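For the numbers below, each heavy atom of this structure counts, side chains included, while hydrogens, waters and symmetry mates do not. All values reported here derive from a predicted model rather than from experimental measurement.
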Amino acid sequence: MSTHAPQAAQAVTLPTTLDEAVAALTAMPAAVPVAGGTDLMAAVNSGQLRPAALVGLGRISEIRGWQYLDGHALLGAGLTHARMGRPDFAALIPALAASARAAGPPHIRNAGTLGGNIASAAPTGDALPVLAALEATLIVAGPGGARREVPVSHLLAGMDLLRPGELIGFVRVPLLHAPQVFLKATGRTGPGRAVASVALVLDPARRGVRCAVGAIAPMPLRPLEAEQWVAQLIDWDNNRALVPDALNAFGEYVAAACIPDAAPGEDGTVPPLPPAVLHLRRTVAALARRALGRALS
């Protein structure tokens with residue numbers, strides 16, 4: 001039921017393959033692809049969007065699973081949050097599974113998909129900082145069976161957008177076989193939209209730490225200098241030991257990099273940050289500190 005006035009009938013196409021979906025979008029440039037519809041239907045119900053046609057992706061079985069490929073996991077864009085939250089997936093990519101379990105109440109996790117989380121690019125998307133920290137790559141399907149690879153960070157930053165007729169088909173994620181952590185803070189008890197989130201992964205082969213902060217900016221932020229600094233302090237040959245003071249310093253380093261001080265005034269003084277911003281900075285620092293501590297424990 002809806003309180004909105006009746007709208008004109010919409011064309012709905014239900015392809016069964018990725019290339020059929022691309023062909024449908026190419027033939028109907030005004031069509032909108034829909035998988036779980038968690039973001040799309042919210043926009044429709046609020047009156048913000050009135051798509052002229054829909055291309056449903058729910059029947060495309062090839063994008064609803066995953067497979068191993070040369071040290072990577074090739075994840076279908078149609079994977080639901082509920083499916084990614086299961087133990088077998090958690091053993092594969094723990095941080096992504098944790099973000100999927102935190103994505104919202106059961107009906108959202110059952111419907112929402114990995115590809116939809118990326119394509120909508122909502123700042124509060126829980127999977128986005130994880131994919132940024134993992135340096136994941138998108139496999140984009142285009143007209144005529146074309147496939148091209150796009151770093152997920154490039155798409156989220158607007159450096160390489162989807163072209164007409166293209167769809168996100170798969171997400172390629174490196175399998176690091178090392179601790180990964182996803183944490184988020186919400187404004188209320190229980191599952192909800194993130195006020196701030198942190199994804200942190202260890203890369204023992206490269207003796208590196210990767211961290212991404214979500215929800216506080218239009219796209220996930222990578223504090224690269226903080227990553228490099230703390231990676232040099234970790235004793236990779238001795239159970240990844242790190243002095244406790246370094247944990248606190250890392251949290252502060254990440255928070256300051258992502259939420260910097262205000263620019264100096266004309267007299268050279270630095271005005272204080274508003275209380276709400278200071279609270280957000282403290283939240284990011286705490287999340288980063290806890291994430292690194294859990295990964296190293």
Honestly curious: do [X] and [Y] fall in one hydrophobic cluster under the side-chain, below-4.5 Å linking rule?
X	Y	value
Leu233	Val243	no
Leu134	Leu221	no
Leu242	Leu183	yes
Val173	Leu74	no
Leu162	Leu138	yes

Might you point out which heavy atoms bring [X] and [Y] nearest each other, and give the distance in Å?
X	Y	result
Ala31	Val55	CB-CG2, 3.9 Å
Gly115	Ile168	O-CD1, 4.2 Å
Ala212	Ala132	CB-CB, 4.0 Å
Ala102	Phe182	CB-CE2, 4.2 Å
Ala111	Thr80	O-CG2, 4.4 Å
Thr113	Gly116	OG1-N, 3.1 Å

To the closest 0.5 Å, what do you measure between [atom1] ([X]) and [atom2] ([Y])?
X	Y	atom1	atom2	result
Trp236	Leu202	CH2	CG	5.0 Å
Met28	Leu54	CE	CG	8.5 Å
Ile216	Cys258	CD1	SG	4.5 Å
Ile139	Leu69	CD1	CG	8.5 Å
Gln228	Tyr253	CD	OH	8.5 Å
Tyr68	Leu92	OH	CG	4.5 Å

Do [X] and [Y] have side chains that approach each other closer than 4.5 Å (heavy atoms only, starting at C-beta)?
X	Y	result
Leu25	Pro33	yes
Lys184	Val198	no
Phe170	Ile63	yes
Leu287	Arg289	no
Val171	Val152	no
Val150	Leu161	no
Leu57	Val34	no
Val195	Thr283	no

For the pair [X] (side chain) and [Y] (backbone), establish whether a donor and an acceptor sit closer than 3.5 Å, ignoring hydrogens and angles.
X	Y	answer
Arg210	Val201	no
Glu166	Arg163	yes
Arg172	Thr137	no
Ser99	Leu96	yes
Asn110	Pro106	yes
Arg282	Ala255	no
Asn238	Ala241	no
Asp235	Arg240	no
Arg222	Cys211	yes

If you apply the rule side-chain contact (heavy atoms from CB on, under 4.5 Å), what do you find for Leu131 with Ile118, and how did you get there? CA-CA 9 Å; Leu131 296 174; Ile118 300 169; 3.6 Å; yes
Carboxylate-amine/guanidinium proximity below 4.0 Å for Asp160 and Arg148: yes
Between Asp237 and Arg207, is there a salt bridge with N-O shorter than 4.0 Å? yes
Among His81, Met84, Arg83, which residue satisfies the side-chain contact (heavy atoms from CB on, under 4.5 Å) criterion with Leu114? Met84
For the pair Gln180 and Leu200, evaluate side-chain contact (heavy atoms from CB on, under 4.5 Å) and give the outcome as yes or no after the intermediate values. CA-CA 6 Å; Gln180 304 173 8; Leu200 188 139; over 6 Å; no
Tell me whether Glu225 at atom CD has more than 12 heavy atoms from other residues, nucleotides or ligands lying less than 6.0 Å away. no
Any luck finding a side-chain donor-acceptor pair between Thr17 and Asp19 under 3.5 Å? no
Quick one about Thr16 and Arg59 (side-chain donor to acceptor, distance below 3.5 Å, no hydrogens or angles considered), yes or no? no
Is the distance between the ring centroids of Phe89 and Trp66 less than 6.0 Å? yes
Would you sort out whether Leu18 and Glu62 count as a side-chain contact (heavy atoms from CB on, under 4.5 Å), showing the intermediate values? CA-CA 8 Å; Leu18 194 56; Glu62 64 187 293; 3.7 Å; yes
List the steps and the verdict of side-chain contact (heavy atoms from CB on, under 4.5 Å) for His177 and Leu175. CA-CA 6 Å; His177 304 293; Leu175 297 177; 3.8 Å; yes
